[in-house]
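Each remark here refers to the structure printed beneath this line.
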2 protein chains.
Amino acid sequence: MFCLFLHDPKEKGMSKCEQCIIKQFNSLKALTNDELVRISKCKTSRTIRKGEILFEEGENINGVYCVKDGICKLSKLSENGKDQIVKMVVKGQLIGQRSLVTEESSNLQATALNDMEVCFIPKSEIMADLQKNSSFSFEVLKEMAHDLKEADDVIVNMAQKSVRQRLAETLVYIHDSFGVNPDGTLSVILSREDFANIVGTATESAIRVLSQFKKEGLISTTGKYIKIENLNGLGRVE
Amino acid sequence: MFCLFLHDPKEKGMSKCEQCIIKQFNSLKALTNDELVRISKCKTSRTIRKGEILFEEGENINGVYCVKDGICKLSKLSENGKDQIVKMVVKGQLIGQRSLVTEESSNLQATALNDMEVCFIPKSEIMADLQKNSSFSFEVLKEMAHDLKEADDVIVNMAQKSVRQRLAETLVYIHDSFGVNPDGTLSVILSREDFANIVGTATESAIRVLSQFKKEGLISTTGKYIKIENLNGLGRVE
DNA sequence: ATTTTAATATGATATATGTCATGTTTTGTT
DNA sequence: AACAAAACATGACATATATCATATTAAAAT
């Protein structure tokens, strides 16, 4: 497929995919060098500020995003007006594979939780690889299978556990999956509203439960910075 | 890969994959005739009685099941001892693709909701096709992408909607996806406990809400048979 | 620096849902 | 047919969580 995008080598972040370290963390690693060179010529880089929307629910994203830096949330608007956060995506991960495969518009909205650097690979360019390069499509398949398992787990938690348990598990999940800053605080910074939208509860409830955790010595907080003081304790929350 | 399974042509249900109509409804339709002939020689047929377990959570299923007849539920045991139903699988669908891809044991349990006829295709036989035949793997990818979208929707519903709404939507979903008997009753017969385990509520609550729906004229019931009397009304339940 | 706005916090109360108890009906078994 | 065992149904009550109100604090804007 012929590349329609002009690329200015001076454009910020216009580095080469084949030399990019980020791809090691996602299914793009399964592409051949030739494929990467071709994609590199076509991709565009983009900076998204904290709070900005990468794409909206129902939008045709027409490609995949590779997150070079930063974190974003994938959420879906419920009929009651609340945004349910379904997944968080960090540096190294891809966004938009599902829509690529199904040829549908996105079922989720992506919003930056802090400043992000992303590369956009147009569908026209990567679709052929997905259909020809079977080790690439197998990698995508593996990631999707992993996401599906995680989604199943979330369903069970939503259905069977209390807000307190879900929030405790969310904190542990963020700790284990996204790590901590040098001072021990969680590296992913979320508002109380975000926590509520992950757990599926009212913002006031999320605030209350976090205050309880603080009183119980399970966590400590300094503004939005949260430090887990008792990881095992959080895991045992009933 | 050499087939280790003996096959007795007299064995019940030992029909040929390449002639089987069922495959049209799932990703096996993307296999070539040669591939189907090879798989057919290796597959085994099995009858599962209502209530029997096809495989358990944590079990290595080592292959995929193709549902020739009947319906089963895929569920996951929560720590509180309740079984959360994550998905229902009917005639024509495959079970076990996810575990095939990830090489993990199953994260779900499969239990027959009525008598079933299934074919089992061993992993050793189909794995190579998944890696070589890209149109097959693309079909599996599409199914997985679809499941993932549905799972996202379930998460949002679980998090943001009332038991009443979730149960109403479940009834509509079963109606639309699995159809009705000649007399208009839902073709999928579930116990009140199953409904509770789909919706993620107590069995008593599911019973109560169904009774309410009945009083409100949204449904009518004769034992386990449920007939939707007002489909639009169910959709408008608050 | 000051003002405005948004985020966090907490109390009071309403409501949905869970739990326990108990009775009835249906289904399966001898 | 008689019995046992599930499944279904419904009441009474407990509890978790939502909602509304109102401070307080932190962040952004001028």
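Just so we're clear, the structure is a prediction, and the values are computed from it rather than from any experiment.
Protein atom CD1 of B:Ile189 is 16 Å distant from nucleotide atom P of C:dT26, rounded to whole Å. Rounding to whole angstrom units, NZ of residue B:Lys82 and P of C:dT17 are separated by 13 Å. One interatomic measurement links the two molecules: CG of B:Asn80 to C1' of C:dT17, which rounds to 14 Å at whole-angstrom precision.
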Enumerate, atom names and distances included, each donor-acceptor pair closer than 3.5 Å involving a side-chain atom of residues 185-192 of chain A, sequence neighbours excluded.
residue  : atom : partner  : partner atom : Å
A:Thr185 : OG1  : A:Asn181 : ND2          : 3.0
A:Thr185 : OG1  : A:Asp183 : OD1          : 2.8
A:Ser187 : OG   : A:Phe178 : O            : 2.7
A:Ser187 : OG   : A:Gly179 : O            : 2.9
A:Ser191 : OG   : A:Glu193 : N            : 3.4
A:Ser191 : OG   : A:Asp194 : N            : 3.0
A:Ser191 : OG   : A:Asp194 : OD2          : 3.3

Indicate every side-chain donor-acceptor pair of residues 80-90 of chain B with a distance under 3.5 Å to a residue at least two apart or in another chain.
residue : atom : partner  : partner atom : Å
B:Asn80 : OD1  : B:Ser78  : OG           : 3.3
B:Asn80 : OD1  : B:Lys82  : N            : 3.0
B:Asn80 : ND2  : A:Gln160 : O            : 3.3
B:Asn80 : ND2  : A:Gln160 : OE1          : 3.3
B:Asp83 : OD2  : B:Ser75  : OG           : 2.8
B:Gln84 : OE1  : A:Gln160 : NE2          : 2.9
B:Gln84 : NE2  : B:Asn197 : O            : 3.0
B:Gln84 : NE2  : B:Ile198 : O            : 3.0

Under 3.5 Å, which donor-acceptor pairs do the side chains of residues 216-223 of chain A form with other protein atoms, sequence neighbours left out?
residue  : atom : partner  : partner atom : Å
A:Glu216 : OE1  : A:Arg164 : NH2          : 3.0
A:Glu216 : OE2  : A:Arg164 : NH1          : 3.2
A:Ser220 : OG   : A:Glu229 : OE2          : 2.7
A:Thr221 : OG1  : A:Lys214 : NZ           : 2.7

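Here the CZ-CE distance, from B:Arg98 to B:Met144, works out to 8.0 Å after rounding to the nearest 0.5 Å. Going from atom SG of B:Cys119 over to atom CG of B:Leu94 covers 10.5 Å, rounded to the nearest 0.5 Å.
Each of A:Arg166, A:Glu169, A:Gln165 was compared with A:Asn157 under the side chain to side chain donor-acceptor pair (under 3.5 Å) criterion, and only A:Glu169 meets it.
Of the two residues near DNA chain C, B:Ala206 and B:Lys50, the one whose nearest nucleotide lies more 5' is B:Ala206.
In this structure, the side chains of A:Asn26 and A:Gln93 stay at 4.5 Å or more apart for every pair of heavy atoms. Using a 4.5 Å heavy-atom cutoff, the side chains of B:Ile174 and B:Phe195 are in contact.
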- Query: Could you go step by step and tell me if B:Ile48 and B:Arg46 meet the side-chain contact (heavy atoms from CB on, under 4.5 Å) rule?
  - Reply: CA-CA 6 Å; B:Ile48 299 108; B:Arg46 206 175 133 193; 4.1 Å; yes
- Message: Go through it in stages, so that I can follow the logic: the residues are B:Ser99 and B:Glu104, the test is side-chain hydrogen bond (donor to acceptor under 3.5 Å, both in side chains), and I'd like the CA-CA distance, side-chain angles, deciding distance and then a yes or no.
- Response: CA-CA 5 Å; B:Ser99 301; B:Glu104 293 166 354; over 6 Å; no
Pick out the pairs of N or O atoms, protein on one side and nucleotides 1-3 of chain C on the other, that lie under 3.5 Å.
none

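Contacts between chain B and DNA chain D, taken as any atom within less than 4.0 angstrom of a protein heavy atom, begin and end at D:dA7 to D:dA12.
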- Query: Using a cut-off of 4.0 Å between protein heavy atoms and nucleotide atoms, how would you tag nucleotides 4-10 of chain C 5' to 3' with B, S and -?
  - Reply: ---SSBB
